[in-house]
Amino acid sequence: MEQLSNSSFKFFSLGGSNEVGRSCHILQFKGKTIMLDAGVHPAYEGLSSLPFYDEFDLSTIDVLLISHFHVDHAASLPYVMQKTNFQGRVFMTHPTKAIYRWLLRDFVRVTSIGASSSGKDENLYSDEDLAESFDRIETVDFHSTVEVNGIKFTAFHAGHVLGAAMYQLEIAGIRILFTGDYSREVDRHLNSAEVPPLPSDVLIVESTFGTATHEPRASRERKLTQLIHNTVIKGGRVLLPVFALGRAQEIMLILDEYWSNHSDDLGGGQVPIYYASNLARKCMNVFQTYVNMMNDDIRRKFRDSQTNPFIFKNISYLKNLEEFQDFGPSVMLASPGMLQSGLSRDILEKWCPEGKNLVLITGYSIEGTMAKFLMLEPESIPSINNPESTIPRRCQVDEISFAAHVDFQENLEFIEQISANNIILVHGESNPMGRLKSALLSNFGSLKGTENEVRVFNPRNCVEVILEFKGIKIAK
Ligand SMILES: [Zn+2]
(Lines give C-alpha, C1' and ligand atoms only; values in the text may rest on other atoms or scores of the structure.)
Protein backbone atom coordinates (compact mmCIF):
# COMPACT_ATOMS: atom_id res chain seq x y z
CA MET A 1 0.00 0.00 0.00
CA GLU A 2 1.15 3.49 -0.86
CA GLN A 3 2.59 5.74 1.85
CA LEU A 4 0.10 8.41 2.88
CA SER A 5 0.98 12.03 3.51
CA ASN A 6 -0.52 13.56 6.60
CA SER A 7 -3.20 15.32 4.57
CA SER A 8 -4.26 12.41 2.35
CA PHE A 9 -7.62 10.81 2.74
CA LYS A 10 -7.69 7.28 1.36
CA PHE A 11 -10.69 5.23 0.23
CA PHE A 12 -10.75 1.75 -1.15
CA SER A 13 -13.14 -1.18 -1.25
CA LEU A 14 -12.56 -4.81 -0.36
CA GLY A 15 -15.90 -5.53 -2.05
CA GLY A 16 -18.96 -3.80 -3.47
CA SER A 17 -17.17 -1.51 -5.93
CA ASN A 18 -18.24 -1.82 -9.57
CA GLU A 19 -20.51 -4.63 -8.40
CA VAL A 20 -23.50 -5.24 -6.13
CA GLY A 21 -22.61 -7.63 -3.32
CA ARG A 22 -20.03 -8.19 -0.50
CA SER A 23 -19.99 -4.49 0.43
CA CYS A 24 -16.93 -3.48 2.44
CA HIS A 25 -15.15 -0.12 2.22
CA ILE A 26 -12.10 1.20 4.04
CA LEU A 27 -11.43 4.85 4.92
CA GLN A 28 -8.11 6.16 6.24
CA PHE A 29 -7.32 9.68 7.39
CA LYS A 30 -4.80 11.07 9.92
CA GLY A 31 -3.96 7.60 11.24
CA LYS A 32 -7.59 6.54 11.77
CA THR A 33 -9.11 3.59 9.96
CA ILE A 34 -12.81 2.91 9.48
CA MET A 35 -14.55 -0.02 7.83
CA LEU A 36 -18.02 0.43 6.32
CA ASP A 37 -20.17 -2.73 6.06
CA ALA A 38 -19.12 -6.39 5.92
CA GLY A 39 -21.31 -8.26 3.43
CA VAL A 40 -21.16 -11.40 1.30
CA HIS A 41 -21.79 -11.87 -2.42
CA PRO A 42 -25.03 -13.87 -2.83
CA ALA A 43 -23.95 -15.34 -6.16
CA TYR A 44 -20.91 -17.11 -4.68
CA GLU A 45 -20.38 -19.74 -2.01
CA GLY A 46 -18.05 -20.24 0.95
CA LEU A 47 -14.84 -18.19 1.10
CA SER A 48 -15.28 -16.81 -2.41
CA SER A 49 -18.42 -14.97 -1.30
CA LEU A 50 -16.33 -12.82 1.08
CA PRO A 51 -14.83 -9.37 0.42
CA PHE A 52 -11.07 -9.47 -0.30
CA TYR A 53 -10.11 -9.41 3.40
CA ASP A 54 -6.61 -10.77 2.68
CA GLU A 55 -5.76 -7.49 0.97
CA PHE A 56 -5.89 -5.50 4.19
CA ASP A 57 -4.62 -5.74 7.77
CA LEU A 58 -7.93 -5.86 9.63
CA SER A 59 -6.16 -5.40 13.00
CA THR A 60 -5.67 -1.70 12.14
CA ILE A 61 -9.40 -0.92 12.02
CA ASP A 62 -10.71 1.34 14.78
CA VAL A 63 -14.40 1.24 13.99
CA LEU A 64 -16.68 -0.90 11.82
CA LEU A 65 -20.13 0.52 11.00
CA ILE A 66 -22.92 -1.65 9.55
CA SER A 67 -25.52 0.24 7.51
CA HIS A 68 -28.34 -2.37 7.50
CA PHE A 69 -29.07 -6.07 7.92
CA HIS A 70 -29.14 -7.24 4.28
CA VAL A 71 -26.72 -10.11 3.64
CA ASP A 72 -24.69 -8.15 1.08
CA HIS A 73 -23.91 -5.61 3.86
CA ALA A 74 -23.78 -7.64 7.08
CA ALA A 75 -23.40 -11.38 6.54
CA SER A 76 -19.60 -11.58 6.77
CA LEU A 77 -19.49 -9.71 10.09
CA PRO A 78 -19.34 -12.89 12.24
CA TYR A 79 -16.43 -14.03 10.08
CA VAL A 80 -14.59 -10.71 10.56
CA MET A 81 -15.17 -10.69 14.31
CA GLN A 82 -14.40 -14.35 15.02
CA LYS A 83 -12.03 -15.58 12.34
CA THR A 84 -9.69 -12.65 11.62
CA ASN A 85 -7.33 -10.40 13.61
CA PHE A 86 -9.94 -7.60 13.67
CA GLN A 87 -10.05 -5.93 17.13
CA GLY A 88 -12.07 -2.79 16.52
CA ARG A 89 -15.49 -1.79 17.81
CA VAL A 90 -18.63 -2.59 15.81
CA PHE A 91 -21.78 -0.45 15.68
CA MET A 92 -25.26 -0.77 14.18
CA THR A 93 -28.77 0.53 15.00
CA HIS A 94 -31.07 -1.33 17.43
CA PRO A 95 -33.49 -2.80 14.84
CA THR A 96 -30.55 -3.87 12.66
CA LYS A 97 -29.06 -5.79 15.55
CA ALA A 98 -32.39 -7.38 16.49
CA ILE A 99 -32.98 -8.60 12.94
CA TYR A 100 -29.33 -9.46 12.26
CA ARG A 101 -29.46 -12.13 14.92
CA TRP A 102 -32.35 -14.11 13.37
CA LEU A 103 -31.43 -13.44 9.80
CA LEU A 104 -27.90 -14.73 10.10
CA ARG A 105 -28.91 -17.81 12.06
CA ASP A 106 -31.20 -18.64 9.20
CA PHE A 107 -28.44 -17.76 6.77
CA VAL A 108 -25.99 -20.19 8.38
CA ARG A 109 -28.55 -22.96 8.08
CA VAL A 110 -30.41 -22.58 4.83
CA THR A 111 -27.83 -21.20 2.44
CA SER A 112 -24.73 -22.86 1.13
CA ILE A 113 -22.57 -20.18 2.69
CA GLY A 114 -21.52 -22.51 5.49
CA ALA A 115 -19.81 -25.03 3.26
CA SER A 116 -18.72 -24.94 -0.35
CA SER A 117 -20.41 -27.25 -2.84
CA SER A 118 -17.20 -29.27 -3.04
CA GLY A 119 -18.35 -30.69 0.30
CA LYS A 120 -15.13 -29.80 2.08
CA ASP A 121 -15.44 -28.44 5.56
CA GLU A 122 -15.08 -24.78 4.77
CA ASN A 123 -17.43 -23.21 7.29
CA LEU A 124 -17.26 -19.45 7.30
CA TYR A 125 -18.71 -19.39 10.79
CA SER A 126 -21.00 -21.31 13.11
CA ASP A 127 -23.99 -20.53 15.31
CA GLU A 128 -21.55 -20.15 18.24
CA ASP A 129 -19.48 -17.57 16.35
CA LEU A 130 -22.66 -15.71 15.62
CA ALA A 131 -23.74 -15.71 19.27
CA GLU A 132 -20.31 -14.58 20.50
CA SER A 133 -20.05 -11.80 17.95
CA PHE A 134 -23.56 -10.69 18.78
CA ASP A 135 -22.63 -9.84 22.38
CA ARG A 136 -19.80 -7.57 21.24
CA ILE A 137 -21.86 -5.48 18.79
CA GLU A 138 -22.73 -2.03 20.14
CA THR A 139 -25.87 -0.16 19.16
CA VAL A 140 -26.42 3.48 18.22
CA ASP A 141 -29.53 5.64 18.27
CA PHE A 142 -30.44 7.70 15.23
CA HIS A 143 -29.22 11.33 15.47
CA SER A 144 -26.92 10.85 18.44
CA THR A 145 -23.20 11.27 17.89
CA VAL A 146 -20.73 8.66 19.13
CA GLU A 147 -16.99 9.26 19.47
CA VAL A 148 -14.34 6.53 19.32
CA ASN A 149 -10.59 7.40 19.27
CA GLY A 150 -11.31 10.84 17.77
CA ILE A 151 -13.65 9.44 15.12
CA LYS A 152 -17.14 10.91 15.42
CA PHE A 153 -20.14 9.37 13.70
CA THR A 154 -23.90 9.85 13.58
CA ALA A 155 -26.64 7.61 12.15
CA PHE A 156 -29.38 9.14 9.96
CA HIS A 157 -32.50 7.50 8.53
CA ALA A 158 -31.84 5.86 5.16
CA GLY A 159 -35.31 4.48 4.31
CA HIS A 160 -34.71 1.18 2.44
CA VAL A 161 -35.42 -1.31 5.26
CA LEU A 162 -36.23 -1.12 8.97
CA GLY A 163 -33.17 0.08 10.91
CA ALA A 164 -31.15 1.13 7.81
CA ALA A 165 -28.79 4.01 8.50
CA MET A 166 -26.58 6.48 6.68
CA TYR A 167 -23.49 7.37 8.65
CA GLN A 168 -21.90 10.80 8.69
CA LEU A 169 -18.36 10.58 10.03
CA GLU A 170 -16.09 13.35 11.16
CA ILE A 171 -12.32 12.82 11.38
CA ALA A 172 -9.92 15.70 12.06
CA GLY A 173 -12.23 18.29 10.54
CA ILE A 174 -13.38 16.50 7.39
CA ARG A 175 -16.86 15.04 7.06
CA ILE A 176 -17.75 11.93 5.10
CA LEU A 177 -21.26 10.68 4.40
CA PHE A 178 -21.85 7.00 3.62
CA THR A 179 -25.39 6.34 2.34
CA GLY A 180 -25.37 2.53 2.48
CA ASP A 181 -28.50 1.54 0.51
CA TYR A 182 -31.09 4.29 0.62
CA SER A 183 -34.47 5.39 -0.70
CA ARG A 184 -36.15 8.78 -0.91
CA GLU A 185 -39.66 7.73 -1.86
CA VAL A 186 -42.38 7.81 0.78
CA ASP A 187 -43.04 4.28 1.82
CA ARG A 188 -45.98 2.56 3.51
CA HIS A 189 -44.01 2.04 6.68
CA LEU A 190 -40.58 3.71 6.56
CA ASN A 191 -39.18 7.20 6.91
CA SER A 192 -37.39 8.21 3.73
CA ALA A 193 -33.70 9.11 3.77
CA GLU A 194 -32.86 12.47 5.32
CA VAL A 195 -30.23 15.09 4.49
CA PRO A 196 -27.86 15.60 7.46
CA PRO A 197 -27.86 19.21 8.75
CA LEU A 198 -24.07 19.55 8.40
CA PRO A 199 -22.37 19.50 4.98
CA SER A 200 -20.00 16.71 3.89
CA ASP A 201 -16.64 16.87 2.06
CA VAL A 202 -16.84 13.32 0.73
CA LEU A 203 -19.99 11.44 -0.28
CA ILE A 204 -19.93 7.65 -0.70
CA VAL A 205 -23.19 6.82 -2.43
CA GLU A 206 -24.90 3.76 -3.92
CA SER A 207 -25.48 3.53 -7.67
CA THR A 208 -27.69 0.42 -7.97
CA PHE A 209 -30.11 1.80 -10.58
CA GLY A 210 -27.60 4.03 -12.39
CA THR A 211 -29.51 6.47 -14.59
CA ALA A 212 -32.77 4.47 -14.69
CA THR A 213 -36.13 5.96 -13.69
CA HIS A 214 -38.74 4.27 -11.48
CA GLU A 215 -42.39 4.37 -12.27
CA PRO A 216 -44.35 6.25 -9.59
CA ARG A 217 -45.17 4.19 -6.57
CA ALA A 218 -48.96 4.28 -6.94
CA SER A 219 -48.80 2.84 -10.45
CA ARG A 220 -46.33 0.13 -9.39
CA GLU A 221 -48.69 -0.89 -6.58
CA ARG A 222 -51.61 -0.97 -9.02
CA LYS A 223 -49.62 -3.10 -11.49
CA LEU A 224 -48.58 -5.51 -8.76
CA THR A 225 -52.09 -6.09 -7.41
CA GLN A 226 -53.66 -6.29 -10.92
CA LEU A 227 -51.13 -8.79 -12.16
CA ILE A 228 -51.56 -11.01 -9.11
CA HIS A 229 -55.36 -10.69 -9.17
CA ASN A 230 -55.53 -11.62 -12.88
CA THR A 231 -53.31 -14.65 -12.33
CA VAL A 232 -55.17 -16.14 -9.37
CA ILE A 233 -58.60 -15.51 -10.95
CA LYS A 234 -57.49 -17.80 -13.80
CA GLY A 235 -56.43 -20.45 -11.29
CA GLY A 236 -52.70 -19.67 -11.36
CA ARG A 237 -50.29 -19.66 -8.44
CA VAL A 238 -48.07 -16.66 -7.73
CA LEU A 239 -44.57 -16.91 -6.28
CA LEU A 240 -42.95 -13.76 -4.89
CA PRO A 241 -39.32 -14.47 -3.97
CA VAL A 242 -38.36 -12.11 -1.13
CA PHE A 243 -35.72 -11.60 1.53
CA ALA A 244 -37.30 -12.96 4.73
CA LEU A 245 -37.30 -9.48 6.14
CA GLY A 246 -37.39 -5.94 4.98
CA ARG A 247 -39.16 -5.31 1.69
CA ALA A 248 -41.35 -8.42 2.20
CA GLN A 249 -43.25 -6.60 4.94
CA GLU A 250 -43.98 -3.71 2.56
CA ILE A 251 -45.44 -6.12 -0.03
CA MET A 252 -47.51 -7.74 2.73
CA LEU A 253 -48.97 -4.37 3.74
CA ILE A 254 -50.02 -3.80 0.10
CA LEU A 255 -51.52 -7.27 -0.40
CA ASP A 256 -53.30 -7.45 2.96
CA GLU A 257 -55.06 -4.15 2.25
CA TYR A 258 -55.95 -5.18 -1.32
CA TRP A 259 -57.36 -8.52 -0.15
CA SER A 260 -59.53 -6.73 2.44
CA ASN A 261 -60.86 -4.44 -0.31
CA HIS A 262 -61.62 -7.39 -2.62
CA SER A 263 -62.90 -9.88 -0.09
CA ASP A 264 -65.76 -10.98 -2.44
CA ASP A 265 -63.54 -12.90 -4.83
CA LEU A 266 -60.28 -13.22 -2.85
CA GLY A 267 -61.07 -13.23 0.87
CA GLY A 268 -62.27 -15.88 3.28
CA GLY A 269 -59.61 -18.35 2.17
CA GLN A 270 -60.72 -18.37 -1.51
CA VAL A 271 -57.18 -17.36 -2.46
CA PRO A 272 -54.83 -17.77 0.52
CA ILE A 273 -51.67 -15.69 0.90
CA TYR A 274 -48.71 -17.38 2.59
CA TYR A 275 -45.51 -15.99 3.99
CA ALA A 276 -43.09 -18.92 3.94
CA SER A 277 -39.96 -18.53 6.03
CA ASN A 278 -38.66 -20.39 9.04
CA LEU A 279 -38.17 -16.93 10.48
CA ALA A 280 -41.70 -15.70 9.84
CA ARG A 281 -42.92 -15.39 13.39
CA LYS A 282 -39.68 -14.09 14.92
CA CYS A 283 -39.35 -11.52 12.19
CA MET A 284 -42.87 -10.27 12.58
CA ASN A 285 -42.24 -9.85 16.32
CA VAL A 286 -39.35 -7.52 15.53
CA PHE A 287 -41.52 -5.47 13.17
CA GLN A 288 -44.30 -5.30 15.72
CA THR A 289 -41.77 -4.10 18.34
CA TYR A 290 -40.23 -1.31 16.28
CA VAL A 291 -43.37 0.40 14.98
CA ASN A 292 -42.17 3.49 16.91
CA MET A 293 -39.20 3.78 14.50
CA MET A 294 -41.43 3.85 11.41
CA ASN A 295 -43.17 6.73 9.65
CA ASP A 296 -46.09 8.81 10.96
CA ASP A 297 -48.56 7.14 8.65
CA ILE A 298 -48.13 3.64 10.04
CA ARG A 299 -47.86 4.92 13.61
CA ARG A 300 -51.17 6.74 13.17
CA LYS A 301 -52.82 3.54 11.91
CA PHE A 302 -51.39 1.71 14.90
CA ARG A 303 -52.78 4.36 17.29
CA ASP A 304 -56.18 4.74 15.65
CA SER A 305 -57.05 1.10 15.17
CA GLN A 306 -55.37 -0.10 18.39
CA THR A 307 -54.21 -3.12 16.42
CA ASN A 308 -50.73 -3.72 15.13
CA PRO A 309 -50.56 -3.09 11.35
CA PHE A 310 -48.14 -6.02 11.08
CA ILE A 311 -50.77 -8.46 12.31
CA PHE A 312 -52.20 -9.36 8.91
CA LYS A 313 -55.79 -10.50 8.40
CA ASN A 314 -55.29 -12.24 5.06
CA ILE A 315 -51.80 -13.71 5.36
CA SER A 316 -50.81 -16.91 7.12
CA TYR A 317 -47.35 -18.17 8.03
CA LEU A 318 -45.71 -21.32 6.76
CA LYS A 319 -42.59 -22.65 8.44
CA ASN A 320 -41.87 -25.22 5.76
CA LEU A 321 -43.57 -26.88 2.83
CA GLU A 322 -44.63 -30.05 4.66
CA GLU A 323 -47.61 -28.23 6.14
CA PHE A 324 -48.56 -26.65 2.80
CA GLN A 325 -51.65 -28.01 0.99
CA ASP A 326 -51.08 -27.00 -2.61
CA PHE A 327 -54.68 -27.02 -3.95
CA GLY A 328 -55.91 -24.27 -6.22
CA PRO A 329 -54.64 -20.72 -6.62
CA SER A 330 -52.54 -19.10 -3.92
CA VAL A 331 -49.98 -16.35 -3.41
CA MET A 332 -46.67 -17.30 -1.81
CA LEU A 333 -44.06 -14.93 -0.46
CA ALA A 334 -40.98 -17.07 0.15
CA SER A 335 -37.31 -16.51 0.95
CA PRO A 336 -34.55 -16.33 -0.18
CA GLY A 337 -35.14 -13.43 -2.54
CA MET A 338 -32.82 -14.52 -5.35
CA LEU A 339 -34.01 -18.14 -5.52
CA GLN A 340 -30.51 -19.48 -4.84
CA SER A 341 -31.76 -22.32 -2.62
CA GLY A 342 -34.24 -22.99 0.18
CA LEU A 343 -38.01 -22.57 0.19
CA SER A 344 -38.44 -20.13 -2.69
CA ARG A 345 -36.31 -22.35 -4.95
CA ASP A 346 -38.30 -25.47 -4.05
CA ILE A 347 -41.57 -23.73 -4.90
CA LEU A 348 -40.12 -22.33 -8.13
CA GLU A 349 -39.22 -25.83 -9.31
CA LYS A 350 -42.69 -27.09 -8.39
CA TRP A 351 -44.64 -24.30 -10.12
CA CYS A 352 -42.53 -23.21 -13.10
CA PRO A 353 -43.63 -25.97 -15.56
CA GLU A 354 -47.23 -24.63 -15.45
CA GLY A 355 -48.00 -21.82 -17.95
CA LYS A 356 -50.71 -20.12 -15.89
CA ASN A 357 -48.43 -19.62 -12.86
CA LEU A 358 -46.49 -16.42 -12.26
CA VAL A 359 -43.10 -15.65 -10.70
CA LEU A 360 -43.02 -12.00 -9.75
CA ILE A 361 -39.63 -10.48 -8.87
CA THR A 362 -39.88 -7.40 -6.65
CA GLY A 363 -36.33 -7.08 -5.31
CA TYR A 364 -33.00 -6.24 -6.92
CA SER A 365 -31.53 -9.40 -8.49
CA ILE A 366 -27.77 -9.70 -8.26
CA GLU A 367 -25.71 -10.92 -11.26
CA GLY A 368 -25.14 -14.67 -11.16
CA THR A 369 -28.26 -15.60 -9.15
CA MET A 370 -31.27 -17.67 -10.30
CA ALA A 371 -33.59 -14.65 -10.00
CA LYS A 372 -31.46 -12.75 -12.53
CA PHE A 373 -31.27 -15.78 -14.85
CA LEU A 374 -35.04 -16.33 -14.72
CA MET A 375 -35.70 -12.85 -16.07
CA LEU A 376 -34.10 -13.96 -19.35
CA GLU A 377 -37.08 -16.36 -19.60
CA PRO A 378 -35.02 -19.53 -20.19
CA GLU A 379 -36.67 -22.65 -21.70
CA SER A 380 -35.63 -24.65 -18.66
CA ILE A 381 -33.84 -24.26 -15.33
CA PRO A 382 -31.42 -26.62 -13.51
CA SER A 383 -32.81 -28.46 -10.51
CA ILE A 384 -31.10 -27.49 -7.25
CA ASN A 385 -30.91 -31.03 -5.87
CA ASN A 386 -29.90 -32.65 -9.11
CA PRO A 387 -28.02 -30.18 -11.36
CA GLU A 388 -27.89 -32.81 -14.12
CA SER A 389 -31.64 -32.66 -14.64
CA THR A 390 -33.51 -29.63 -15.92
CA ILE A 391 -37.06 -28.45 -15.36
CA PRO A 392 -39.11 -26.85 -18.15
CA ARG A 393 -40.00 -23.21 -17.49
CA ARG A 394 -43.41 -22.28 -18.90
CA CYS A 395 -44.64 -19.97 -16.12
CA GLN A 396 -44.88 -16.24 -16.66
CA VAL A 397 -42.00 -14.15 -15.25
CA ASP A 398 -42.42 -10.49 -14.42
CA GLU A 399 -40.53 -7.81 -12.53
CA ILE A 400 -41.99 -4.88 -10.61
CA SER A 401 -39.40 -3.25 -8.38
CA PHE A 402 -40.08 -2.55 -4.72
CA ALA A 403 -36.38 -2.77 -3.92
CA ALA A 404 -36.33 0.69 -2.28
CA HIS A 405 -33.19 2.07 -3.86
CA VAL A 406 -33.18 5.61 -5.26
CA ASP A 407 -33.61 6.03 -9.00
CA PHE A 408 -31.55 8.53 -11.01
CA GLN A 409 -33.65 11.62 -10.28
CA GLU A 410 -33.92 10.86 -6.55
CA ASN A 411 -30.22 10.11 -6.33
CA LEU A 412 -29.25 13.28 -8.21
CA GLU A 413 -31.47 15.51 -6.03
CA PHE A 414 -30.00 14.02 -2.89
CA ILE A 415 -26.42 14.33 -4.19
CA GLU A 416 -27.07 18.00 -5.04
CA GLN A 417 -28.39 18.67 -1.55
CA ILE A 418 -25.32 17.10 0.06
CA SER A 419 -23.11 19.25 -2.24
CA ALA A 420 -19.90 17.38 -1.47
CA ASN A 421 -16.94 18.14 -3.77
CA ASN A 422 -15.87 14.50 -3.84
CA ILE A 423 -18.31 11.77 -4.79
CA ILE A 424 -17.34 8.10 -4.65
CA LEU A 425 -19.78 5.69 -6.32
CA VAL A 426 -20.21 2.19 -4.89
CA HIS A 427 -22.82 -0.63 -4.97
CA GLY A 428 -23.62 -0.78 -8.69
CA GLU A 429 -22.72 -2.98 -11.64
CA SER A 430 -20.07 -1.37 -13.90
CA ASN A 431 -22.43 -0.20 -16.66
CA PRO A 432 -25.10 1.57 -14.61
CA MET A 433 -22.37 3.01 -12.36
CA GLY A 434 -20.43 4.31 -15.37
CA ARG A 435 -23.55 5.94 -16.79
CA LEU A 436 -24.29 7.56 -13.43
CA LYS A 437 -20.75 8.93 -13.29
CA SER A 438 -21.09 10.51 -16.75
CA ALA A 439 -24.47 11.99 -15.87
CA LEU A 440 -23.12 13.48 -12.64
CA LEU A 441 -20.05 14.94 -14.36
CA SER A 442 -22.19 16.62 -16.99
CA ASN A 443 -24.65 17.83 -14.33
CA PHE A 444 -21.82 19.52 -12.40
CA GLY A 445 -19.93 20.51 -15.59
CA SER A 446 -20.31 24.25 -15.02
CA LEU A 447 -18.25 24.01 -11.82
CA LYS A 448 -15.29 22.47 -13.63
CA GLY A 449 -12.06 24.42 -13.05
CA THR A 450 -13.58 26.45 -10.19
CA GLU A 451 -12.76 25.85 -6.54
CA ASN A 452 -16.13 24.10 -6.21
CA GLU A 453 -15.34 21.54 -8.90
CA VAL A 454 -17.10 18.25 -8.22
CA ARG A 455 -15.00 15.13 -8.71
CA VAL A 456 -16.67 11.76 -9.24
CA PHE A 457 -14.90 8.42 -8.74
CA ASN A 458 -16.02 4.90 -9.68
CA PRO A 459 -13.08 2.77 -8.48
CA ARG A 460 -12.91 -1.00 -8.78
CA ASN A 461 -12.35 -3.26 -5.75
CA CYS A 462 -8.97 -2.75 -4.05
CA VAL A 463 -8.21 0.39 -6.13
CA GLU A 464 -7.36 3.41 -4.00
CA VAL A 465 -8.89 6.86 -4.26
CA ILE A 466 -6.61 9.45 -2.65
CA LEU A 467 -7.94 12.90 -1.82
CA GLU A 468 -5.79 15.74 -0.49
CA PHE A 469 -7.18 17.87 2.33
CA LYS A 470 -4.36 20.37 2.89
CA GLY A 471 -5.13 23.27 5.20
CA ILE A 472 -8.67 22.00 5.62
CA LYS A 473 -11.36 24.38 6.64
CA ILE A 474 -13.13 22.95 9.65
CA ALA A 475 -16.55 24.23 8.65
CA LYS A 476 -17.84 25.19 5.23
ZN1 LIG B 1 -30.02 -3.45 1.07
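Indexing begins at 1, ligand by ligand and atom by atom, following the structure's order.
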Participant: Could you check whether Y258 and H229 have their ring centres less than 6.0 Å apart?
Facilitator: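 Here the rings of Y258 and H229 have centres that are less than 6.0 Å from each other.
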Participant: Regarding R220 and the six-membered ring of F402, is the cationic atom NZ or CZ under 6.0 Å from the ring centre and inside 45° of its axis?
Facilitator: yes
Participant: Taking the side chain from D201 and the backbone from R175, do they hold a donor-acceptor pair closer than 3.5 Å?
Facilitator: yes
Participant: Is there a donor in the side chain of Q82 and an acceptor in the side chain of R136, or the other way round, less than 3.5 Å apart?
Facilitator: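 There is such a pair between these side chains.
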Participant: Is the NZ or CZ atom of K97 both under 6.0 Å from the centre of the six-membered ring of F134 and within 45° of that ring's axis?
Facilitator: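 The answer is yes; both the distance and angle limits are met.
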Participant: Is it true that R89 and D62 make a salt bridge, defined as a side-chain N closer than 4.0 Å to a carboxylate O?
Facilitator: no
Participant: Protein N/O/S atoms under 2.8 Å from the Zn ion (ligand 1): how many?
Facilitator: 4
